[in-house]
Amino acid sequence: WFHILKRLNLPAQMIPQDVKTRWNSTYDMLKLTVEYCAAIDELTANRKFSLCNFELSKEERIIAAQLTKVLKVFKDATLSFSRSTSNIAKVLPAMDKISTVLSINSEESNYLPAIKSALAIGLRLLTKYYELVDMSDVYRIATKDHEKVVDVIAWWKKKQAVYPCLAHMALDYLNIPATSIDVE
């Protein structure tokens with residue numbers, strides 16, 4: 001493997017394993033698979049390794065490339081939420097970004113039907129969660145009833161004089177870390 005990578009001028013690294021409990025590993029594995037297709041082809045084509053059954057078909061390559069493209073927004077969101085500087089106020093804008101990506105890509109004519117279908121299902125599920133968020137008191141506090149606010153924390157800081165107790169509670173709540181640990 002490493003000899004093939006060296007000959008193809010690709011950085012020496014292993015393809016990450018897909019781990020069921022760490023969904024971002026799927027993105028990492030697919031991304032590297034797409035980037036290292038030539039090396040994978042060479043390795044699986046070599047009869048002495050008995051890996052012919054693992055050759056990627058043209059359709060499998062397309063699926064890997066399309067999934068990599070659409071899973072990136074989830075990888076980015078996960079990394080963002082996993083930083084020690086992330087807080088609850090950053091979750092809604094990330095959900096907006098994910099919703100936009102799912103919506104646009106579920107209509108994309110270049111995607112395979114199975115990918116478009118999966119994206120549409122993901123969008124319906126995200127919409128369901130959005131509807132639950134819309135009904136929550138926390139959401140109304142965070143967004144001050146339906147005003148379009150880009151930086152929720154800055155908005156509440158500005159409104160401290162108008163809503164001293166509510167602003168204090170909102171700032172306490174919105175600055176809760178989105179996760180308890182940094183990403184590995």
Side-chain angles (χ1 to χ4, degrees), residues 15-37 56 59-158 169-184:
I15 296 175
Q17 270 192 311
D18 188 22
V19 179
K20 192 172 162 180
T21 57
R22 300 183 64 84
W23 81 264
N24 273 341
S25 66
T26 304
Y27 170 80
D28 295 335
M29 178 192 67
L30 289 171
K31 183 176 182 286
L32 203 78
T33 298
V34 169
E35 293 170 356
Y36 282 53
C37 260
L56 296 174
E59 186 177 26
E60 288 170 326
R61 292 168 195 272
I62 292 169
I63 291 169
Q66 290 180 357
L67 283 174
T68 300
K69 183 178 174 186
V70 297
L71 287 176
K72 184 172 185 338
V73 70
F74 293 100
K75 172 78 174 194
D76 293 344
T78 301
L79 292 177
S80 174
F81 298 154
S82 299
R83 291 189 189 111
S84 60
T85 57
S86 186
N87 58 41
I88 290 174
K90 294 180 181 175
V91 172
L92 291 175
M95 285 177 66
D96 285 339
K97 171 84 174 170
I98 292 169
S99 179
T100 299
V101 168
L102 291 176
S103 181
I104 290 169
N105 288 315
S106 66
E107 301 296 321
E108 176 66 45
S109 61
N110 294 329
Y111 282 112
L112 294 171
I115 303 287
K116 288 173 33 173
S117 178
L119 292 169
I121 291 168
L123 182 59
R124 280 196 301 275
L125 184 60
L126 185 62
T127 301
K128 175 183 163 186
Y129 288 128
Y130 250 134
E131 289 168 357
L132 294 173
V133 168
D134 286 343
M135 296 183 303
S136 80
D137 293 335
V138 173
Y139 177 75
R140 284 194 285 283
I141 290 169
T143 60
K144 179 61 179 85
D145 288 336
H146 304 298
E147 283 184 32
K148 187 67 176 167
V149 177
V150 176
D151 185 345
V152 177
I153 293 173
W155 187 92
W156 278 107
K157 284 181 180 177
K158 283 185 205 173
M169 289 186 316
L171 289 170
D172 282 348
Y173 187 83
L174 293 170
N175 280 299
I176 294 171
T179 182
S180 60
I181 56 168
D182 284 347
V183 72
E184 295 172 1

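Residue numbers start at 1 and run along the sequence shown. Note that the structure is a prediction, hence the values are computed from the model and not measured.
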Shortest non-hydrogen contact between [X] and [Y], atoms and distance:
X      : Y      : result
Ala77  : Ile98  : CB-CD1, 4.0 Å
Tyr111 : Ile115 : CD2-CG2, 3.8 Å
Leu56  : Cys37  : CD1-SG, 4.4 Å
Ala120 : Ser106 : N-CB, 3.9 Å

- [ ] Measure the spacing between CD of Glu35 and CD1 of Ile15 and express it to the nearest 0.5 Å.
- [x]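 Those atoms lie 10.5 Å apart.
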Task: Distance in Å, Leu123 CG paired with Lys116 NZ, rounded so as to fall on 0.5 Å steps - done: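 Those atoms lie 14.0 Å apart.
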Task: Side-chain heavy atoms of Asp28 within contact of Lys75, under 4.5 Å - done: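 They are in side-chain contact.
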Using a 3.5 Å distance criterion without hydrogens, assess whether the side chain of [X] forms a donor-acceptor pair with backbone atoms of [Y].
X      : Y      : value
Thr78  : Phe74  : yes
Thr100 : Asp96  : yes
Ser117 : Pro113 : no

- [ ] Output all residues satisfying side chain to side chain donor-acceptor pair (under 3.5 Å) with Lys97, sequence neighbours left out; order by chain, then residue number.
- [x]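 Side chain to side chain donor-acceptor pair (under 3.5 Å) list for Lys97, sorted by chain: empty.
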Task: Contacts of Asp18 that satisfy side chain to side chain donor-acceptor pair (under 3.5 Å) - sequence neighbours left out - done: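 Counting only residues at least two positions away or on another chain, Asp18 forms a side chain to side chain donor-acceptor pair (under 3.5 Å) with Ser25, Thr26.
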Side chains of residues 60-68: which donor-acceptor partners sit under 3.5 Å, not counting sequence neighbours?
| residue | atom | partner | partner atom | Å |
| --- | --- | --- | --- | --- |
| Glu60 | OE1 | Ser57 | N | 2.7 |
| Glu60 | OE1 | Ser57 | OG | 3.4 |
| Arg61 | NH1 | Asp41 | OD2 | 3.3 |
| Arg61 | NH2 | Asp41 | OD1 | 2.3 |
| Arg61 | NH2 | Asp41 | OD2 | 2.8 |
| Gln66 | OE1 | Leu112 | N | 3.0 |
| Gln66 | NE2 | Asn110 | O | 3.0 |
| Thr68 | OG1 | Ala64 | O | 2.7 |

